[in-house]
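One structure is given here, and the rest of the page talks about it.
Both ligands and their constituent atoms are indexed starting at 1 by order of listing.
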Amino acid sequence: MNAVDQDDAELGPVDPADEEPRPGSRLARMRQPLARHVVEAVAVEEGVCVRPVALRRVDLDTGETTIVPAPCGATLASKCPPCAERARRLRMAQCKAGWHLDDEPLPDPDPPSDEAKDLGRFRADLEALRKESEQAGDAANVADIDGVIGHVDEALAELGVRGKAAPDNRERPRRTRSTRRRQDAADLPRLPVDKRTVGRTYSAPDGTAWRPSMFLTLTCDTYGRVLTDGTPVDPDSYDYRRAARDAIHFPKLIDRFWQNLRRAVGWDVQYFAVLEPQRRLAPHLHAAFRGTVSRVVLRQVATATYHQVWWPATDAPIYAPDGPGLPTWDEQAGSYVDPVTGAELVSWDDALDAIGPDDEPAHVVRFGPQIRADGVTA
Ligand SMILES: [Zn+2]
């Protein structure tokens with residue numbers, strides 16, 4: 001775009017709400033819906049995936065290649081409303097059909113779908129190509145293929161295929177972080193987890209069997225007092241930074257919680273849950289889980305659960321607007337470079353690799369002290 005846009009100069013103080021923009025002007029163009037948004041809106045209206053994963057399918061007899069779109073399978077409405085709605089309905093059906101079962105549903109794994117098999121073949125082709133490129137010393141090509149293999153693995157995972165299709169033979173070694181428990185976290189009981197999802201049964205004097213469930217609410221910590229509308233009483237002392245980081249990593253903390261809970265009680269606790277923002281925008285979790293666990297154990301597990309975020313330090317900006325300038329894009333290097341030294345900026349992966357065994361995590365997420373747990377009977 002030109003530095004000075006002619007149409008901008010012509011616009012003047014026009015209120016776009018009450019005057020139609022001149023046809024062909026920049027404003028008129030800006031008002032036209034983006035093609036992508038139109039397609040997305042139609043997809044949402046028709047209840048189909050808005051960002052299908054494109055899979056290449058090769059007909060083994062004719063060698064013909066076709067592109068097959070598969071639904072993305074997102075469970076977040078912000079990513080794909082139709083897929084999220086489908087997932088929600090599936091969960092509702094599963095809950096209705098399975099909540100009060102008293103036998104263990106442990107079906108055999110499903111036979112792989114055609115989609116999964118196509119992806120598997122595609123992945124095998126990629127591995128072969130990768131090997132060729134590696135032998136030819138074409139590092140750029142190897143990196144490209146690794147990228148595609150990563151996407152295929154993600155697509156396979158979204159199709160519900162468990163495990164890895166091939167061992168990780170990438171140059172980048174897996175980063176290992178200390179698995180030592182934090183000194184400041186309470187120890188948890190560790191029982192072998194039975195392949196059992198049904199909770200305890202209680203018998204009433206009249207012989208009726210009860211299999212109660214529980215409702216559980218877990219929240220983030222407090223970051224300072226808030227007013228009734230959720231805004232801080234004292235904005236200067238409110239810990240916005242911790243609030244934001246906790247909110248970003250809260251889902252990881254929840255995964256840890258279920259893992260810890262299952263180990264602490266020794267059976268495969270099943271749950272349905274929803275993450276919601278509180279008025280102060282901190283996320284909290286409402287969960288219904290099958291079976292009962294004492295409040296003491298729930299509190300113990302919640303208190304002992306934490307998630308460590310291994311990010312490079314982000315507290316001090318390196319390129320501030322009033323500093324020596326912002327990084328610039330270097331076409332040749334294919335990377336952003338330092339405005340003064342011209343050196344390539346450190347990539348996220350390299351920055352993560354540089355975190356040493358003695359470094360502290362950038363952030364530790366924990367639950368707040370408020371825990372609600374109530375028994376529910378059918
Ligand atoms: Zn989708």
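- Around the Zn ion (ligand 1), protein N, O or S atoms at less than 2.8 Å number 4.
- A salt bridge between Arg372 and Asp374 is present, with a side-chain N of the basic residue lying under 4.0 Å from a carboxylate O of the acidic one.
- Grouping Ile, Leu, Val, Met, Phe, Trp and Tyr by side-chain contacts under 4.5 Å, direct or through others, puts Leu345 with Ile318, Tyr319, Leu326, Trp329, Tyr336.
- Within 6.0 Å of the NE2 atom in His286, the count of heavy atoms belonging to other residues, nucleotides or ligands exceeds 12.
- Aromatic ring pairs are classed by plane angle as parallel below 30°, tilted from 30° to 60° and perpendicular above 60°; the pair His249 and His307 is tilted.
- A centroid separation of 6.0 Å or more is found between the aromatic rings of Tyr223 and Tyr240.
- A donor and an acceptor atom, one from each side chain of Trp99 and Ser213, are located under 3.5 Å apart.
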